[in-house]
Participant: 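Take this structure, written in structure tokens, and hold onto it; I'll ask about it next.
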Amino acid sequence: MPVGNSDQNKRTLTNRPRLRYAPSPTGDPHVGNIRQAVWSWLHAKRYGGDFIVRLEDTDQSRAQPGADKRILDSLRWLGVEWDEGPDIGGEYAPYIQSHRLDLYHDHIKMLLKNDAARRCFCSPERLTEIREEQQANKLPPGIRDCCDIAPEDAEARAAAGESYVVRFKTPREGTTVATDLLRGDISFENSTLDDFVLLKSDGFPTYHLAHVVDDHAMDITLVTRGEEWISSLPRHALLFDAFGYDRPEYAHASVIKAPGGGKLSKRDGAKSILEYAEDGYLPETLLNFLCLTGWGHGDQTLFSRSDLLSLFDMSDITLASATFDHDKLAWLNGTYIRALDENVFVTSLKRQLELDLPVDVPRPLDEALIESIAPLIQERITLMTDAVALVDFFWQSKISTPPPEDFLVKKWRDRAQEASATLERVGTRLNDLPDSSWNTSEIEALLRNLAEELSLKAGELLSLVRTAVTGKRISPPLFESMEIVGKGLVVERINEASSSLS
RNA sequence: GGCCCCAUCGUCUAACGGUUAGGACGCGAGGUUUUCAACCUCGAAAUCGGAGUUCGAUUCUCCGUGGGGUCACCA
């Protein structure tokens with residue numbers, strides 16, 4: 001395993017920094033968590049450094065099978081690439097903490113030997129008791145002097161198989177000052193700290209130990225994590241000091257709040273990154289949006305991947321916690337869908353429709369048909385999943401004729417007979433249109449002329465036709481749609497609509 | 001409650017002692033229009049409160065208020 005940096009070419013915040021994303025495989029990563037990964041990746045790449053993924057699987061009870069894969073998939077979907085990680089290895093392997101137990105144990109031995117840590121044999125019941133007593137006496141809670149066992153005795157009891165944890169011997173007095181890149185120095189009275197656990201009774205390290213050992217071993221220069229870790233910062237500072245290691249820099253990002261205030265949760269519609277993918281969001285949308293909440297750059301709103309790669313700097317992130325703005329996310333997605341290259345849009349539309357269209361529609365879908373439909377809806381959808389509701393009628397040889405009230409609006413209110421007669425007229429005229437003239441402009445000309453003949457406003461006539469042909473009050477552009485649906489089907493639907501109203 | 005962090009339009013943010021406090025979402029009005037969108041124009045909308053420091057505070061300091069985090073053998 002490589003040792004620390006050499007003096008020349010020293011890594012710094014803005015020179016080849018090494019940042020890591022250290023998720024626990026306990027479930028799908030949510031937006032706040034994945035934002036951390038995105039930011040770390042961007043900062044590392046902006047300054048020519050490395051981005052590392054390390055799995056923090058030190059809590060066996062919460063581990064979820066398959067979670068590691070879904071975490072990496074989330075990253076890949078967003079376009080985040082890592083230089084070292086559990087799947088690709090690297091110079092500092094392994095990148096899975098459960099494979100690094102020996103390293104933690106060595107560090108524990110070191111601490112025990114220096115009397116900087118102690119074995120604790122207290123039962124959970126006893127610890128609870130201590131806490132309750134502290135609470136009753138209005139003392140700051142925290143396990144300090146739960147047991148005081150001579151090191152030799154402790155070692156003997158451990159050797160005899162008794163269960164124990166290893167705690168850090170936190171100084172009783174003094175002040176620990178730790179630095180946050182964004183907030184500056186933060187000081188903590190040691191008296192408010194506790195003898196926190198380093199090694200659990202199952203032999204796994206806690207986050208505190210693993211973080212310090214691994215981030216040092218992996219030459220991490222900038223640690224980014226959520227604000228909830230600030231209160232643990234002095235513990236980590238003390239630990240780095242105890243090992244004689246240089247402390248890395250830290251940037252604690254604020255949490256993302258729910259629209260109503262408070263933590264963002266599933267209840268607020270917060271989804272995992274993969275769920276956003278399923279719901280029809282584009283990766284570029286999420287990447288942009290994630291950076292837009294908690295970071296900004298002048299007047300710019302739209303940031304491409306390469307914009308971010310050249311502009312993002314961890315020291316510019318916002319301190320105040322941001323609220324998750326679903327509306328803006330949706331708007332962004334619409335914007336990115338509209339900006340999609342035509343061919344790319346066709347491809348993803350095809351994929352989406354094959355997922356969303358009724359099962360009785362034969363797959364694969366006709367590529368040419370998709371190509372003709374795509375331009376009609378590209379600027380009309382916000383999510384890719386919006387498409388199906390707009391275009392399903394193109395695949396239904398038989399649509400159920402909408403109820404009369406869908407036809408009889410505005411001008412046609414209470415005038416079913418008139419509407420029926422008008423539609424019949426439309427059907428006849430369209431039927432007379434030669435097959436060779438069945439195209440958008442001919443159809444448009446015909447219908448506009450007809451409207452004039454009947455002394456109707458174009459919109460009044462088209463409203464009936466739209467509902468008859470598409471089965472919807474709102475649809476893609478009508479003339480184009482009619483051309484695509486085809487003469488036979490169009491005439492048939494119009495006639496059916498006409499008779500349904502008479 | 002102790003400790004810690006934070007505070008600009010409803011929301012996301014820009015300003016790094018001097019601006020008519022800017023942009024974006026959303027909202028409202030108008031335009032365009034075959035529906036719906038998209039698009040264009042315009043509009044309303046903010047520096048939490050109070051003391052300081054300074055010629056001058058959104059910006060620096062202190063106090064208050066409000067919000068958040070944390071007090072596990074979870075991360």
Side-chain angles (χ1 to χ4, degrees), chain A residues 22-24 26 33 56-59 61-62 120 122 124 127-128 131 134-135 138-143 163-167 180 182-183 186-189 191-194 196-208 210-211 225-234 252 254-255 257 259 261-263 289 291-302 316 318-332 334-335 338 376-382 386 390 444 447-448 451 457-463 465-467 470 472-481:
Chain A
S24 304
T26 54
N33 182 266
E56 308 233 326
D57 60 339
T58 58
D59 186 350
S61 62
R62 294 203 312 157
C120 164
C122 296
L127 295 174
T128 307
R131 289 196 183 93
Q134 286 166 331
Q135 207 159 29
K138 301 210 163 166
L139 291 169
I143 302 305
S163 176
Y164 66 95
V165 301
V166 176
R167 294 179 181 275
D180 176 86
L182 310 157
R183 286 162 256 255
I186 307 175
S187 57
F188 302 83
E189 291 305 317
S191 60
T192 64
L193 272 23
D194 60 353
F196 55 97
V197 174
L198 297 170
L199 194 70
K200 297 182 265 190
S201 56
D202 62 2
F204 277 70
T206 58
Y207 170 87
H208 306 301
H211 151 53
R225 52 184 12 176
E227 201 178 22
E228 69 270 20
W229 287 107
I230 292 181
S231 55
S232 294
L233 186 54
H252 292 90
S254 56
V255 298
K257 285 187 304 182
K263 251 188 195 166
F289 182 75
C291 291
L292 221 50
T293 101
W295 178 81
H297 188 264
D299 285 352
Q300 196 170 342
T301 301
L302 267 20
D316 291 335
T318 306
L319 262 0
S321 49
T323 305
F324 196 82
D325 189 345
H326 289 99
D327 285 346
K328 198 161 188 170
L329 176 64
W331 166 80
L332 247 193
T335 301
R338 271 169 252 132
L376 304 185
I377 64 163
Q378 184 165 7
E379 63 182 28
R380 289 182 161 73
I381 58 175
T382 295
D386 291 342
L390 218 45
E444 175 166 8
L447 289 174
R448 286 193 189 282
K457 287 185 196 160
E460 292 166 345
L461 178 65
L462 297 179
S463 145
V465 180
R466 179 186 311 283
T467 308
T470 68
K472 302 170 195 304
R473 307 254 316 110
I474 294 169
S475 80
L478 185 57
F479 312 126
E480 286 85 345
S481 297

Participant: My understanding is that a pair needs two contacts under 3.5 Å, Watson-Crick or G-U wobble. By that rule, which nucleotide pairs with B:A24?
Facilitator: B:U11
Participant: What is the pairing partner of B:G2, taking Watson-Crick or G-U wobble pairs with both distances under 3.5 Å in any strand?
Facilitator: B:U70
Participant: Would you tell me if any nitrogen or oxygen in the side chain of A:Lys457 comes within less than 4.0 Å of OP1 or OP2 on B:U33?
Facilitator: no
Participant: If we take the P atom in both B:A14 and B:G22, what is their distance in whole Å?
Facilitator: 15 Å
Participant: Quote, to the nearest angstrom, the P distance that separates B:C60 from B:G66.
Facilitator: 23 Å
Participant: Within the 4.0 Å heavy-atom criterion, would you say A:Ser201 contacts the bases, only the backbone, or no part of the nucleic acid?
Facilitator: base
Participant: Give me the distance, rounded to whole Å, that separates B:G23 from B:U8 when you measure between the C1' atoms they each carry.
Facilitator: 13 Å
Participant: When you measure from the side chain of A:Ile186, which nucleotide among B:A14, B:C4, B:C73 comes out closest?
Facilitator: B:C4
Participant: Which nucleotide in the set B:G22, B:A75, B:U11 lies at the smallest distance from any side-chain heavy atom of A:Arg62?
Facilitator: B:A75
Participant: When all nucleic acid strands are considered with a 4.0 Å heavy-atom cut-off, which category describes A:Val165: base, sugar-phosphate, or nothing?
Facilitator: base
Participant: Output yes when at least one side-chain N/O atom of A:Thr206 is less than 4.0 Å from OP1 or OP2 of B:A75, else no.
Facilitator: no
Participant: Please list, pair by pair, any protein nitrogen or oxygen found under 3.5 Å from a nitrogen or oxygen in nucleotides 59-68 of chain B.
Facilitator:
none

Participant: Determine the interatomic distance between C1' on B:A46 and the same-named atom on B:A29; round to the nearest Å.
Facilitator: 22 Å
Participant: Would you measure the distance from the C1' atom in B:C40 across to the matching atom in B:A21 and give it in whole Å?
Facilitator: 26 Å
Participant: Is the distance from OP1 or OP2 of B:C36 to the nearest side-chain N or O of A:Arg473 less than 4.0 Å?
Facilitator: no
Participant: Taking only side-chain N and O atoms of A:Arg183, does any of them lie within less than 4.0 angstrom of OP1 or OP2 on B:C4?
Facilitator: no
Participant: Does OP1 or OP2 of B:A72 have a side-chain N or O of A:Arg131 closer than 4.0 Å?
Facilitator: yes
Participant: When rounded to the nearest Å, what value does the distance between C1' atoms of B:G49 and B:A7 take?
Facilitator: 12 Å
Participant: When the P atoms of B:U53 and B:C16 are compared, how many Å lie between them, rounded to an integer?
Facilitator: 25 Å
Participant: Suppose you measure atom C1' in B:U11 against the same atom in B:A45; what distance do you get, rounded to whole Å?
Facilitator: 12 Å
Participant: Should the side chain of A:Arg380 and the base of B:C36 be counted as holding a donor-acceptor pair, with the cut-off at 3.5 Å?
Facilitator: yes
Participant: Say whether A:Thr26 and A:Arg62, considering side chains only, have a donor N or O and an acceptor N or O under 3.5 Å apart.
Facilitator: no
Participant: Determine: side-chain N/O of A:Arg448 to OP1/OP2 of B:U34, distance under 4.0 Å, yes or no.
Facilitator: yes
